[in-house]
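The model shown is predicted, which means the values in this text are computed figures rather than measured ones. Just so it is clear, the values below take in all heavy atoms, side chains as well, and ignore hydrogens, waters and symmetry mates.
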Amino acid sequence: MKKNPVEQIAQKIQKSQRIVITSHLRPDGDSICTGLALYFMGKSLGKEMSIINHDPTPFPFNLFPDVENITTGQIPPDEFDLVILLECANIGRSGHKYIDGYYKINIDHHHSNDYYGDINWVDPDAAAVGCLVYFLGEELKVRFTPRIANHLYCAIVSDTGSFQFSNTSPQSFLVSYNLTKKGASPILVSERLFSNCL
């Protein structure tokens, strides 16, 4: 019986040591904050984690805690065991030129995805990629620290327009509820997103 994608992804992460995360060109709050959450999840599992985005982190996310862990540029060939692409409908959307030879995990919530990864987890019903990575964290049995919970909560709030956009779903509320139980602060996230009070 074929395993579902989240199980396959969790197993591949467990078997890998040097993991790089990337996002689409002109990264947004969902991809940036989800990438940071996944970075710290991997760190908690003893993995060597990197985030390399092609484009710089935009305002106000460039003022957020932990963005110093994001590098801008190209993913070099032959340095990692695994590339995780967040919200990249195709390889070109990542802006990276040297990742064809890598084992690729493709996590996305858009209909337009090309299913180019060695493992593809594409769920257009998910409000944000942050929701998917929350379920990945559960599968990996990581401890959701307040830091991880805040990043994932921010990803969901950002991509749903504070739960006002049409992609807002019961799942997005359920995941956000669980994240607040694990230490996410809605007030802090709202201040960072909308008041720039750091």
Side-chain angles (χ1 to χ4, degrees), residues 5-6 9-10 13 19-45 47 49-58 60-62 64-72 75 82-89 93-95 104-110 113 117 119-140 142 144-163 165 167-169 171-172 174-176 178-180 182-186 188-189 192-193:
V6 68
I9 292 168
I13 288 172
I19 301 170
V20 61
I21 302 161
T22 193
S23 165
H24 54 75
L25 298 168
R26 296 179 297 282
D28 61 6
D30 187 17
S31 59
I32 290 164
C33 295
T34 301
L36 286 167
L38 187 53
Y39 173 92
F40 288 110
M41 287 181 186
K43 286 278 192 182
S44 75
L45 297 170
K47 308 301 179 182
M49 302 297 296
S50 299
I51 305 174
I52 305 177
N53 288 335
H54 180 275
D55 289 344
T57 303
F61 305 101
N62 61 330
F64 278 23
D66 303 320
V67 293
E68 68 275 7
N69 295 294
I70 301 174
T71 300
T72 302
I75 294 174
L82 173 63
V83 178
I84 301 175
L85 298 101
L86 300 176
E87 292 199 300
C88 293
R93 186 88 171 94
S94 74
K104 293 177 283 295
I105 290 175
N106 164 30
I107 306 176
D108 194 8
H109 67 119
H110 295 102
N113 197 279
I119 305 174
N120 300 289
W121 187 17
V122 180
D123 182 0
D125 292 329
V129 77
C131 290
L132 300 180
V133 170
Y134 169 79
F135 294 121
L136 176 59
E138 286 197 320
E139 184 69 28
L140 287 165
V142 300
F144 284 85
T145 61
R147 169 190 258 170
I148 291 171
N150 270 320
H151 283 310
L152 288 177
Y153 182 83
C154 185
I156 296 165
V157 171
S158 175
D159 228 37
T160 60
S162 294
F163 308 103
F165 295 164
N167 62 332
T168 304
S169 65
Q171 182 195 79
S172 59
L174 177 61
V175 172
S176 298
N178 288 333
L179 289 169
T180 57
K182 295 175 188 301
S185 169
L188 181 61
V189 168
R192 288 174 179 166
L193 274 174

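Residue Pro65 comes nearest to Arg192 through the heavy atom pair CG-NH2, 3.4 Å, listed as atom of the first residue, atom of the second, then distance. Taking every heavy atom of both residues into account, Gln171 and Ala126 meet most closely at OE1-CA, 3.6 Å. Shown here for Asp55 and Thr72, the closest heavy-atom pair between the two residues is C-CG2, 3.8 Å. Taking all atoms of both residues into account, the shortest heavy-atom contact from Cys131 to Ser172 is SG-CA, 4.1 Å. For the residue pair Pro146 and Gly183, the shortest heavy atom distance occurs at CB-O, 3.8 Å.
Side chain of Asp30 to main chain of Ala128: no donor-acceptor pair is present (N/O by atom type, distance under 3.5 Å, no hydrogens or angles). With hydrogens and angles disregarded, no donor-acceptor distance shorter than 3.5 Å links the side chain of Asn53 to the backbone of Pro56. Thr22 contributes a side-chain N or O that, together with a main-chain N or O of Ile52, makes up a donor-acceptor pair within less than 3.5 Å. Remark: side-chain polar atoms of Asn150 are paired, donor with acceptor, to backbone N or O of Ser185 under 3.5 angstrom. Within the 3.5 Å criterion, the main-chain N or O of Asn62 finds no donor-acceptor partner in the side chain of Thr57.
With a 4.5 Å cut-off on side-chain heavy atoms, Leu45 and Met41 do not count as touching. Phe163 has its side chain within reach of Val157: a pair of non-hydrogen atoms, C-beta onward, lies under 4.5 Å apart.
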Please step through side chain to side chain contact (heavy atoms under 4.5 Å, CB included) for the pair Lys43 and Tyr39, ending with a clear verdict. CA-CA 6 Å; Lys43 286 278 192 182; Tyr39 173 92; 3.3 Å; yes
Evaluate side chain to side chain contact (heavy atoms under 4.5 Å, CB included) for Phe61 paired with Asp28, printing each intermediate quantity in order. CA-CA 8 Å; Phe61 305 101; Asp28 61 6; 5.8 Å; no
What do the steps show when you test Asp159 against Glu87 for side chain to side chain contact (heavy atoms under 4.5 Å, CB included), and what is the final call? CA-CA 12 Å; Asp159 228 37; Glu87 292 199 300; 3.9 Å; yes
Taking it one step at a time, do Ile32 and Phe64 satisfy side chain to side chain contact (heavy atoms under 4.5 Å, CB included)? CA-CA 10 Å; Ile32 290 164; Phe64 278 23; over 6 Å; no
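Looking at His109 and Asn167, their side chains never bring a donor and an acceptor atom within 3.5 Å of each other. Checked by atom type, the side-chain pair Asn120/Asn113 shows no donor-acceptor distance below 3.5 Å.
Among Ile105, Val20, Ile119, Ile21, the single residue meeting the side-chain contact (heavy atoms from CB on, under 4.5 Å) criterion with Leu82 is Ile105. Of the residues Cys88, Ser158, Ser23, the one that meets the side-chain contact (heavy atoms from CB on, under 4.5 Å) test with Ser31 is Ser23. Of the candidates Tyr134, Tyr153, Phe40, Phe144 forms a ring-ring contact (aromatic ring centres under 6.0 Å, His included) with just one, namely Tyr134.
Here Lys47 contributes atom NZ and Ile19 contributes atom CD1; the two are 6.0 Å apart, rounded to the nearest 0.5 Å. One finds the NE2 atom of His24 at 8.5 Å from the CG atom of Asp108 (value rounded to the nearest 0.5 Å). Expressed to the nearest 0.5 Å, how far CD1 of Ile107 lies from CD1 of Ile9 amounts to 4.0 Å. With rounding to the nearest 0.5 Å, the separation of SG in Cys154 from CG in Leu36 is 9.5 Å. Atoms OG1 and CD1, from Thr34 and Ile84 in turn, are 12.0 Å apart once rounded to the nearest 0.5 Å. Note: Leu85 CG to Arg93 CZ = 12.0 Å, rounded to the nearest 0.5 Å.
Residues satisfying the salt bridge (Lys or Arg N to Asp or Glu O under 4.0 Å) criterion with Arg147, sequence neighbours excluded, are Asp66.
The salt bridge (Lys or Arg N to Asp or Glu O under 4.0 Å) pairs that include a residue from residues 123-136 number zero, where partners must be two or more places apart or lie in different chains.
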